[in-house]
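What follows is a single structure, and I will ask about it in a moment.
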Amino acid sequence: MIPLRIKVDANADEPFVVRLRSFEGSVAGDIPIALDARDVVLERVSDAAEYRGEGGCIRVHGIDPSQIDGDVLLVNPHRGSADRLVRASSPHNTFLVTERCDQLCVMCSQPPKAHHVDLFAHFEAAALLAPEGATIGISGGEPTLYKEELLNFLVQTMGKRTDLRFHILTNGQHFDELDMPMMRSLERERIVWGVPLYCRSPEVHDEIVGKQGAHARLVETLGFLCRAGAQIELRTVLMKRNAPGLTALARFITSTLPFIQTWAIMQLESIGYARQNWQRLFHDSSAEFDGVGRALDLVRSRGIEAQLYNFPLCTVPASYRHLAPPTISDWKRAYLDECRDCTIKDGCGGFFEWHPKKHGYAKLGAQS
Amino acid sequence: MNVWPLKFRETPDGGIVFADDAGGFFKSDEGFLRRYSNDSLNASDLAFLRDGGHSFGKEFDLPWTSFAYRWSRRQSRPQQLSYVILVPTLRCNLACGYCQVSRASEAARGFDWTADTLRDVLAYLGSLETTDIKVEFQGGEPMLRIDILEEVRTFCRSRFREAQFVVCTNLQCLGSRELAFLEADDTFVSTSLDGDRATHERQRTHESVRTNEFFDNLDHVVGRFGPGKVSALPTIDVDNPPDFPALLDNFENYGIHSVYLRPVNHQGFARKLKQGTNVLARWNRIHADFIDLLVDRNCRTGRFMEEYYFSQCLKRVLQLGTDNHVDIRNPNFFASDYLVVDHDGRLYPTDEARMQSRIGRIDLSIGSVTDGLDLAKVALLNTSSLNNFDPDCIHCVYQPFCGTDVIDDVSRYGRVDVPRPDTWFCGRHTAVFDKVFELIYRRDEAVRQSLAHWAGVSSWAEEMAPAHS
Amino acid sequence: MKKRLFAIPSLLAAGFLPAETQALTIKPTFDDGNAKSLFDIFKLDHVYTLAGHRSHSSHRSHSSHRSHRSSTGGYSYRAPVYRAPAPAYSAPIYRAPAPAPTYQPPATAPAPAPLKVLPGNAQRFTEIVREVQFAMMAFGYYVGELDGVLGPDMRVALSKMQGDYGLKVTGTITPETLTALRIAAQ
Amino acid sequence: MTTTLVNTGRLRWKINEVAVEGAPRVGDGHRSANRTEGCGSAAVTVEIAEAFHPYMDAAVLRLQSQHPYASFDIADHGIVVTDSAGIGDIEIRKAVLHAVYRERIYAETLSMRLALVAAVTSK
């Protein structure tokens with residue numbers, strides 16, 4: 001497990017953003033003269049690592065500076081901790097812009113909270129300091145609950161950093177036609193909108209997301225996003241409740257959502273509400289893969305890309321494994337004992353760190 | 001509920017195939033057709049049509065937007081010029097009977113690029129905006145001017161970010177210089193292999209010595225560079241077709257799994273062949289039987305081969321935006337993404353168009369490497385190069401999947417406004433799409449396996465073939 | 001050069017219609033600023049590479065692989081609950097907390113400053129650390145793994161070595177430390 | 001019922017529509033084709049429902065080009081096909097009905113097609 005929050009001492013009134021630079025093992029000349037105002041450079045390591053920058057000093061505890069070089073931290077001086085907003089060495093960086101949400105999904109991995117702390121200014125500073133060509137995830141809660149701030153954040157950062165890409169999760173309940181000019185002004189190639197849709201039937205979708213009329217509102221938004229030219233990754237978490245309807249959903253995609261860029265069928269992550277309802281929700285795709293396979297083939301036969309996220313390769317029939325790339329974020333990826341000396345391990349995304357020991361897959365095991 | 005216009009066509013088994021302008025298709029029956037035409041669709045009809053994306057509530061709602069999207073993706077759009085076919089020489093060291101290009105003999109003079117032409121061609125290529133290029137060398141036999149090939153390749157490698165080269169060669173003579181040229185990773189071979197040895201000799205090499213040369217060279221190239229290097233296609237004479245099972249074995253043992261059956265095209269020297277009556281019907285029969293042979297063989301061997309054009313038409317039916325094959329897209333914009341540079345530096349939209357000028361039938365040239373592209377003439381060609389408003393196509397169920405080929409029409413009939421059902425292009429494509437839909441709606445396991453493979457998926461279940469009764 | 005005679009003298013003679021009569025101008029115009037029609041938007045990023053044509057079906061173009069983000073990526077860090085640091089790293093011995101250094105966030109507006117991450121940086125750094133570990137082991141300062149990973153015992157070893165050799169004691173791999181250990185920094 | 005005068009470019013057709021009171025109204029084009037003997041080879045009359053009458057001439061135009069040997073004439077309640085040797089009754093009736101269906105479908109949905117193209121290509 002890679003820690004995303006570390007202990008930092010700093011005496012300041014408000015939270016602030018810094019970028020850690022070590023320059024260890026490099027020749028003296030390597031240190032660029034023009035450091036950013038928010039860069040802090042490693043000076044000493046004893047029982048803590050001391051960094052100094054324009055604004056003064058901070059002390060980092062409990063982790064070796066070499067593991068956090070280039071990271072962008074949001075330091076919270078009152079709590080003596082900092083969140084690693086951007087980990088320079090990882091492709092999976094996500095900004096949690098709010099914890100509020102207008103839906104209450106049965107499998108929500110991060111159950112929503114009522115309070116909201118507006119961190120957009122810090123996120124903007126952090127994005128500007130991110131590694132070149134980084135893709136930054138935006139998630140929540142529901143990010144478009146703060147649609148104005150979000151769209152401004154995108155316009156600002158994408159304007160100043162033309163190399164940055166964004167992957168934004170949204171339940172598509174809050175767009176309306178007035179947003180069209182702004183949406184069309186965004187550079188479409190650099191944003192992918194991750195939109196969850198769980199079932200062709202409105203009742204089942206509404207029940208899963210815990211909100212009446214959510215499906216109808218989402219269907220409207222998908223039309224809007226298509227006309228805005230947005231790139232859409234449609235996401236369907238596979239559960240007992242919607243597994244039977246997968247082929248019908250596939251047919252709905254080919255006839256009514258042909259404009260999506262890709263369809264991601266995702267295995268369940270056992271955390272948050274999903275953990276509490278695991279037995280009721282988890283669908284063992286290794287035992288019943290037929291519906292999943294036929295759904296994938298139907299959309300792919302129509303030229304729409306479809307993939308399996310979070311599926312351990314051994315639980316997927318061989319002829320579909322090329323559609324199951326490793327997708328579990330590095331910081332929460334783990335392997336089981338059964339994975340030892342499996343020949344296809346490095347192509348496999350493994351399991352979530354907190355996947356239940358009784359993994360629930362009938363067919364699982366090292367592939368020779 | 002508004003239902004988008006549906007076109008229809010009866011199938012041999014008494015059913016009727018329907019399709020809308022965006023290519024959404026399904027199969028139903030006379031009863032549904034009558035209800036649809038009489039505005040008396042029942043609830044189950046309406047539900048089925050809505051599910052299939054054939055209807056919408058009001059303009060700009062999701063169903064409407066989805067249909068508009070699919071309709072737009074069905075129309076091809078002009079691209080950036082990034083694919084050139086270069087003809088450095090018309091001379092050839094073979095004398096194939098069906099030669100489409102009316103070659104010049106190997107010793108003839110005045111059929112190669114002069115030094116000036118080469119210079120002008122390179123200048124023209126240099127002036128292209130594209131960052132990536134694909135160059136195909138045709139002829140005559142391009143290997144007779146290996147020197148020109150080398151110079152063009154060197155230039156393109158430095159001028160373009162990515163460059164790929166295909167040499168259409170008869171593989172008759174392969175010296176060390178030619179082999180060295182083909183060795184490069186960015187260079188591929190396209191050759192002809194007319195099925196079985198006997199047919200190949202009868203149609204192309206005429207003497208067994210030359211046939212041996214060809215097969216030895218083919219073995220050598222495939223053995224040395226691996227199957228990915230070589231693609232081949234058989235030209236089929238309707239009067240004397242090859243032994244198709246042998247053809248498939250031959251292709252498979254050279255590691256070539258995609259066979260592109262091409263009928264002899266009666267231009268150039270081939271024109272002098274007597275072709276007998278009703279060539280089209282006999283060609284369609286041969287093609288349909290070949291598909292059935294493939295289905296059975298694939299099922300029997302478990303090693304899947306395909307007929308390239310059938311697969312392309314299958315994908316045209318199933319998918320949007322399958323415009324990567326110039327024979328079948330709509331509109332078929334000329335000089336949009338590719339063109340031909342003849343041995344005298346003149347530019348042509350296709351190799352058939354070059355042929356028409358060569359035999360003095362009609363001048364379809366569209367400029368030259370020195371004067372550049374004749375945009376006015378290209379625009380004139382493009383006006384008739386779409387099927388959306390043709391009086392026959394507007395009623396045809398296959399219109400969204402089909403294409404148009406005005407140059408083929410001119411070459412055969414001297415006009416482009418011949419009623420479609422009377423043209424070779426329409427007759428041939430109607431037959432191919434009939435076969436595609438026959439297979440899509442057949443239930444037997446062998447057909448399903450091949451269809452899954454040809455469509456690039458792992459299984460083919462009934463939802464692939466929407467039906468309503 | 002002499003004008004060649006053709007059986008069909010012109011395109012019009014072959015039935016081609018004059019250019020302006022094209023009923024439908026679905027050729028999107030590229031040149032009118034950014035006002036886009038739905039047609040333009042729907043056709044935006046669907047560029048294909050020409051794979052096949054009449055005389056030879058040359059090689060199939062492969063579809064480019066797109067990046068994907070997996071699980072809900074629901075959060076980059078857990079809700080306010082504090083997580084223990086990585087178990088692999090043993091907590092340092094407790095010392096009376098030194099007063100927290102003061103930090104005054106700069107007032108200037110955040111400016112774009114992309115971090116240049118050269119490919120292979122991480123590899124190179126691990127190599128250098130492994131060489132330092134090896135040298136430190138040779139001089140008797142380090143007894144741990146030669147795994148190229150800097151941990152607390154390497155930090156203590158570095159400080160001790162720097163002290164003994166009269167170098168500036170930082171506990172980090174400084175340029176003068178490398179020179180002292182006769183390791184060339186690539 | 002008005003007298004519809006349909007100008008199809010070169011040909012000028014005149015159809016007089018007479019609504020016959022009390023005549024059995026059949027809601028759809030589903031009529032039996034009855035064959036009346038006499039005048040050379042047998043003539044087949046395919047009855048066409050009123051809703052399709054405006055499209056009979058366009059249908060006849062296409063049928064004539066597709067079946068040059070047979071001749072097609074518009075009568076009061078349908079289309080009479082003569083000299084259709086070699087094509088069975090069922091085939092003729094289907095060909096005629098399908099032709100009429102196609103013309104009606106095309107005419108009545110043309111506005112939808114034009115609206116789609118306009119909406120999709122407008123800036």
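Excluded from the calculations below are hydrogen atoms, water molecules and symmetry mates; all remaining heavy atoms, backbone and side chain alike, are included. Since the model is a prediction, treat every value here as computed from it, not as a measurement. Proteins get letters first, then strands, A, B, ... in listed order; numbering begins at 1 in each.
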Identify the two heavy atoms, one from A:R200 and one from B:D51, that lie closest to each other, and give their separation to 0.1 Å. NH2-OD1, 3.3 Å
Atom CD of residue position B:E129 - does it have more than 12 heavy atoms of other residues, nucleotides or ligands inside 6.0 Å? no
Roughly how far, to the nearest 0.5 Å, is the CZ atom of B:R73 from the CZ atom of A:F259? 12.5 Å
Of all of A:P258, A:P317, A:S319, which one pairs up most often with chain B through heavy atoms under 4.5 Å apart? A:P258
Smallest separation among heavy atoms of A:L222 and B:L62, with atom names: C-CD1, 4.1 Å
Cation-aromatic face contact B:R50/A:F252, 6.0 Å, 45 degrees: no
B:F67 portion near chain A, given a 4.5 angstrom heavy-atom threshold: neither
Given that the side chain runs from C-beta out, which part of A:T254 has a heavy atom under 4.5 Å from chain B: side chain, backbone, both or neither? backbone
Other residues, nucleotides and ligands only: do more than 12 of their heavy atoms fall within 6.0 Å of CD on B:E59? yes
Using the rule given for side chain to side chain contact (heavy atoms under 4.5 Å, CB included), can you reason through B:E462 versus A:R294, listing the C-alpha separation, both sets of side-chain angles and the distance that settles it, and then say yes or no? CA-CA 10 Å; B:E462 51 278 4; A:R294 284 169 55 175; 3.4 Å; yes
What option among B:G52, B:G456, B:A452 has the most heavy-atom pairs under 4.5 Å with chain A? B:G52
Look up atom OG in B:S458 and atom CG in A:L323, then write down how far apart they are to the nearest 0.5 Å. 6.5 Å
To the nearest 0.5 Å, what is the distance between CD1 on A:I260 and OH on B:Y69? 9.5 Å
So, the side chain of A:D297 versus the backbone of B:V457: is there a donor-acceptor pair under 3.5 Å, distance only? no
Nearest heavy atoms of A:R302 and B:M464, plus distance in Å: NH2-O, 3.1 Å
Under a 4.5 Å cutoff for heavy-atom pairs, which residue among A:C226, A:S301, A:G303 has the most contacts with chain B? A:S301
If you measure from the Lys or Arg side-chain nitrogens to the Asp or Glu carboxylate oxygens, is any gap between A:R251 and B:E463 under 4.0 Å? no
Could you state the interatomic distance from CZ (A:R227) to CH2 (B:W64), rounded to the nearest 0.5 Å? 8.0 Å
Between chain B and each of A:L298, A:T247, A:L257, count heavy-atom pairs under 4.5 Å; write down the option with the most. A:L298
